[in-house]
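Let me begin by presenting the structure, written as structure tokens, before commenting on it.
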Amino acid sequence: MQEAINATNILNLSDQMVAIPGGVIELRDDRIKQQWKVEVQPFLLAKFPVTQELYFEVIKERPSTFIGDKLPVETVTWKDAVIFCNTLSSLKGLKPCYTIHDKNEEISLDITADGYRLPTETEWEYACKANTTAIRYGELDRIAWFKSNSEKKTHVVGEKEPNQWGLYDMLGNVWEWCSDIYDETVYGSYRIFRGGGWCDEERSVMATTRRRSHPLKFKIDDLGFRIAKNSGKDESLKG
């Protein structure tokens, strides 16, 4: 798919950010058997997970287990994803969204900043469903790489069908880190990731599936991320 091939250069990154309209989503927590509605403000979300090519262009490192420029970057911690977002923001002349406190290893988010960031969990699920109420936005084999069709590896981004808002690989290929803490009272600083990966069974690859792990230590070959941004002008690259 030509669009995927051209997806990862910093200079055309603005063209790959999809304007997600505002709206309302109903969320649920099966642990406490509750449902509630959340209003979502308009925001921008990348069409594709961050590729290894883009990650190298920004960070100058190749951490992935499966190697290929157009493959999604994986084997990255939540902190790695945050550092990527901050570095990319600086390269684009935008205000970084995250502050990293080295003394206590805490990382805080300025949700009002105009730089790149990870989507919130609510934003991620809202964008994944794309005005649908189903657990998936299409037939799984047509929209996602998962255990039954992945041949035990990641695949070039954008090869499966997108959802109706033009977002690719929201399900399958790699899980995606989100900004949110999972449950601070129980799991401390653990962060959420969503979407399912190449080695997951069908039952795990849903818009509603939630997982979590340590933000500074956990990295694995089916976990990557995609970038979000508040709606507004995307500055040109410095230099």
Side-chain angles (χ1 to χ4, degrees), residues 8 10 13 17 20 27 29 38 40-41 43-46 48-52 54-65 72-128 170 174-195 197 209-232 234-235 237-238:
T8 54
I10 291 178
L13 185 59
M17 300 299 290
I20 306 299
L27 302 176
D29 189 330
V38 180
V40 181
Q41 299 300 317
F43 67 104
L44 304 176
L45 189 64
F48 310 100
V50 170
T51 62
Q52 294 177 35
L54 179 58
Y55 192 88
F56 181 78
E57 192 172 354
V58 174
I59 301 296
K60 309 305 180 188
E61 294 180 0
R62 298 185 184 275
S64 299
T65 301
V73 70
E74 24 82 4
T75 318
V76 289
T77 66
W78 183 85
K79 183 179 180 181
D80 291 335
V82 162
I83 291 172
F84 174 91
C85 290
N86 273 3
T87 306
L88 178 60
S89 298
S90 296
L91 287 172
K92 298 279 282 184
L94 304 169
K95 180 182 177 182
C97 292
Y98 299 94
T99 301
I100 301 173
H101 308 277
D102 291 329
K103 288 185 178 181
N104 56 12
E105 294 189 333
E106 289 186 1
I107 298 175
S108 57
L109 168 65
D110 179 2
I111 196 66
T112 66
D114 64 356
Y116 292 93
R117 57 179 174 81
L118 299 175
T120 67
E121 182 182 22
T122 298
E123 288 174 335
W124 187 95
E125 185 171 328
Y126 176 77
C128 181
M170 289 295 289
V174 292
W175 291 85
E176 299 180 6
W177 285 113
C178 294
S179 274
D180 308 63
I181 290 177
Y182 183 78
D183 184 341
E184 192 168 11
T185 59
V186 178
Y187 295 96
S189 63
Y190 275 30
R191 301 286 172 159
I192 294 166
F193 48 93
R194 303 290 299 264
T209 304
R210 308 170 76 222
R211 290 189 183 171
R212 77 280 179 186
S213 197
H214 196 284
L216 309 182
K217 299 177 181 178
F218 185 74
K219 53 185 177 181
I220 196 169
D221 60 8
D222 67 346
L223 174 56
F225 65 100
R226 82 175 63 216
I227 53 176
K229 186 179 181 296
N230 295 335
S231 295
D234 188 13
E235 303 296 334
L237 181 66
K238 284 185 173 181

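- In this structure Tyr98 satisfies the ring-ring contact (aromatic ring centres under 6.0 Å, His included) test with no other residue, sequence neighbours excluded.
- In terms of modelled atom types and a separation under 3.5 Å, the side chain of Arg191 and the main chain of Ser179 share a donor-acceptor contact.
- Taking all atoms of both residues into account, the shortest heavy-atom contact from Phe84 to Ile227 is CE2-CG2, 3.9 Å.
- At least one test fails for Arg211 against the ring of Phe193: distance under 6.0 Å to the centre or angle within 45° of the axis.
- Summarising the geometry of Leu27 relative to Thr122, their closest heavy-atom pair is CD1-OG1, 3.5 Å, with the distance given to 0.1 Å.
- Shortest non-hydrogen contact noted between Thr77 and Pro215 is CB-O, 3.5 Å.
- Residues forming a salt bridge (charged side-chain N to carboxylate O under 4.0 Å, His left out) with Glu125 (at least two apart in sequence, or on another chain): Lys129, Arg194.
- When all heavy atoms of Ile111 and Asn230 are compared, the closest pair comes out as O-ND2, 2.7 Å.
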Verify side-chain hydrogen bond (donor to acceptor under 3.5 Å, both in side chains) between Asn86 and Ser89, making sure each step is shown before the conclusion. CA-CA 5 Å; Asn86 273 3; Ser89 298; 5.2 Å; no
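- Between the side chain of Asp180 and the backbone N or O of Glu121 there is at least one donor-acceptor pair closer than 3.5 Å.
- The minimum heavy-atom distance linking Trp177 with Pro119 is given by the pair O-CD, 4.3 Å.
- The backbone N or O of Lys95 lies less than 3.5 Å from a partner atom in the side chain of Asp114, making a donor-acceptor pair.
- In this structure, OG on Ser189 lies 8.5 Å from CH2 on Trp78, to the nearest 0.5 angstrom.
- In this view, Trp124 satisfies the ring-ring contact (aromatic ring centres under 6.0 Å, His included) rule with no residue, not counting sequence neighbours.
- Heavy atoms only, all atoms of each residue included: Ser64 and Pro72 are closest at OG-O, 4.2 Å.
- Of the options Arg226, Lys229, Glu123, a side chain to side chain contact (heavy atoms under 4.5 Å, CB included) to Leu45 is made by Arg226 and by none of the others.
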